[in-house]
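All figures in this text were calculated on a predicted structure; none of them were measured in a lab. By convention in this document, chain letters (A, B, ...) are assigned in the order of the sequence lines, proteins followed by strands, and residues within each chain are numbered from 1.
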Protein chains: 2
Amino acid sequence: MKNEVTAQEIANHPKVKGLRMTRQRTEVYRVLMGHRDHPTAGEVFERAKQNMPSISLATVYNCLEALVQHGAVRQVNFERESSRYCPNLSEHGHFHDETSGKIIDIPLKKGAALSDLLELPKGAQIDNLEITLRGRVLQSKAL
Amino acid sequence: MKNEVTAQEIANHPKVKGLRMTRQRTEVYRVLMGHRDHPTAGEVFERAKQNMPSISLATVYNCLEALVQHGAVRQVNFERESSRYCPNLSEHGHFHDETSGKIIDIPLKKGAALSDLLELPKGAQIDNLEITLRGRVLQSKAL
DNA sequence: AAATAGAATTAGAATTATTCTAATTAATTA
DNA sequence: TAATTAATTAGAATAATTCTAATTCTATTT
Ligand SMILES: [Mn+2]
Ligand SMILES: [Mn+2]
Ligand SMILES: [Zn+2]
Ligand SMILES: [Zn+2]
């Protein structure tokens, strides 16, 4: 047997409870859960086609939107680049490493509050927070 | 005399020192310094045309890019919306108030460090930080 | 199991913010 | 001033995303 997650397992994931999991939505969600590397819609499309050659790009966009609306997936934007998608639902920011090209998750520190860093307006109710960082991870000098 | 900032004053602003300040760049920078409300390129274009009817949208984009590259202006992105431009160079995030539609600057607290909030990767050199918030400022109950 | 109704999928067209191209004009330097 | 380099301009091109309308699927009801 191939060491793969079944469609059933994906479609029954607690995070998609209450969302109608069609074959296409299941496949898109599986792609995202497979590599946690923040793919673009186009990259999700390429990967999904391997398992489901008939899927269309419009459907990938539709599925991603449904998953984001449902709260099962986060949409991540770096400046004006294509949106990327992330299945990590814990509160975190994103670091784009210019050296490797990779985007990595940056967890929020346990117990830290946003108001420790920012002068939030009185009475502000925050519905959405996005923290994005760009830079490079310095090579250590050792071989 | 009209209570207006002159082109000379704008073109000699310390933040644009070293950038060739053409008439168009000066006008674009004046628009941004005029209302600190984070206009889009299209909004900058509309405002600039009042003083300089011959300016083109392509030039507004070019001028904004030159100012951003020079570090005189910040480019601000909310999700996939049009880019907005901000002449406030102090470190700050942005709050989009869904009630008023306005985008307001959120200063970083004096003495607070990013690493208080985030688990930064070892050896990461941060070149750029963007913090964007979306939500609403609750109406106070008093009249 | 058929019939129905509602929702999702699809291919391709449309949209739109932004970038590009190539010609013209302006600014700087010699 | 002449020469050189850079910026501006109108319009075309680009590309991510959304829309449209027809088809197919899914779930529900008979
Ligand atoms: Mn990159
Ligand atoms: Mn708004
Ligand atoms: Zn992530
Ligand atoms: Zn700002």
Side-chain angles (χ1 to χ4, degrees), chain A residues 7-8 10-12 16-31 38-49 51-70 72-86 103, chain B residues 7-8 10-12 16-32 38-49 51-70 72-86 96 103:
Chain A
Q8 273 305 314
I10 291 289
N12 292 330
V16 296
K17 210 62 182 284
L19 181 65
R20 187 197 277 191
M21 287 305 275
T22 60
R23 288 187 312 127
Q24 290 84 353
R25 286 177 182 175
T26 301
E27 177 57 26
V28 166
Y29 192 48
R30 167 156 52 191
V31 165
H38 305 88
T40 62
E43 289 164 349
V44 172
F45 178 48
E46 289 307 319
R47 294 177 197 177
K49 272 199 292 195
N51 274 359
M52 188 180 283
S54 63
I55 197 170
S56 74
L57 180 57
T59 297
V60 170
Y61 272 104
N62 291 341
C63 292
L64 289 169
E65 187 188 0
L67 290 164
V68 168
Q69 288 305 109
H70 191 74
V73 159
R74 284 183 55 188
Q75 185 170 359
V76 176
N77 297 291
F78 275 88
E79 328 228 313
R80 305 244 88 232
E81 295 171 16
S82 305
S83 285
R84 296 177 174 277
Y85 297 87
C86 170
I103 289 165
Chain B
Q8 272 306 313
I10 290 289
N12 292 330
V16 296
K17 209 65 182 281
L19 182 65
R20 186 197 278 193
M21 288 304 275
T22 60
R23 287 187 311 125
Q24 290 84 353
R25 287 176 181 175
T26 301
E27 177 58 26
V28 165
Y29 192 49
R30 167 154 54 189
V31 164
L32 291 175
H38 304 88
T40 62
E43 289 165 350
V44 172
F45 178 48
E46 289 307 319
R47 294 177 197 177
K49 272 198 294 195
N51 274 358
M52 188 180 283
S54 63
I55 196 171
S56 75
L57 179 56
T59 297
V60 169
Y61 273 103
N62 291 341
C63 291
L64 289 169
E65 189 189 0
L67 290 164
V68 168
Q69 289 305 109
H70 192 75
V73 160
R74 284 184 54 189
Q75 185 169 1
V76 176
N77 297 292
F78 275 88
E79 328 229 313
R80 306 242 87 234
E81 296 171 15
S82 304
S83 285
R84 296 178 173 276
Y85 297 86
C86 169
H96 183 147
I103 289 165

Atom-pair distance (OH on B:Tyr61; C1' on D:dT8), nearest Å: 16 Å
Criterion side-chain contact (heavy atoms from CB on, under 4.5 Å) against B:Val28, the qualifying member of B:Thr59, B:Leu67, B:Asn62: B:Leu67
Chi angles and distances behind the side chain to side chain donor-acceptor pair (under 3.5 Å) call for A:Gln8, A:Asn12: CA-CA 6 Å; A:Gln8 273 305 314; A:Asn12 292 330; 3.2 Å; yes
Side-chain N or O of A:Thr59 closer than 4.0 Å to phosphate OP1/OP2 of C:dA8: no
Spacing between B:Leu19 atom CG and C:dA27 atom C1', to the nearest angstrom: 13 Å
Whole-Å gap separating P (C:dT18) and CZ (B:Arg84): 10 Å
D:dA7 OP1/OP2 closer than 4.0 Å to side-chain N/O of B:Arg20: no
Separation of D:dT17 P from A:Leu57 CG (nearest whole Å): 9 Å
Residue closer to the 5' end of DNA chain C, A:Val60 versus B:Glu65 (nearest nucleotide): A:Val60
Candidates C:dT18, D:dT8, D:dA6 - which lies nearest the side chain of B:Cys63: D:dT8
Nearest listed nucleotide, side chain of B:Ser83, among C:dT10, C:dT18, D:dA10: C:dT18
Side-chain donor/acceptor of B:His70 to backbone N/O of B:Lys17, under 3.5 Å: yes
Nucleotide C:dA7, atom P - distance to CD of A:Gln24 in whole Å: 17 Å
Rounded distance in Å - CD (B:Glu27) to P (D:dT9): 11 Å
Presence of A:Thr22 side-chain N/O under 4.0 Å of C:dA7 phosphate oxygens OP1/OP2: no
Flag, side chain of A:Gln69 to backbone of A:Ala66, donor-acceptor distance under 3.5 Å: no
Interatomic distance, A:Phe45 CZ vs D:dA16 P [rounded to whole Å]: 13 Å
Sugar-phosphate only, base, or nothing, as touched by A:Ser54 at under 4.0 Å among non-hydrogen atoms: sugar-phosphate
A:Ala58 side-chain proximity, nearest of C:dA11, C:dA17, D:dA10: C:dA11
DNA chain C: 5'-proximal contact among B:Asn77 and A:Ile55 (nearest heavy atom): A:Ile55
Contact nearer the 5' end of DNA chain D, comparing A:Asn62 with B:Arg25: B:Arg25
Whole angstrom value for the distance that separates P of D:dC25 from CE of A:Met52: 12 Å
Residues B:Arg47 and B:Glu27 bridged, charged N to O under 4.0 Å: no
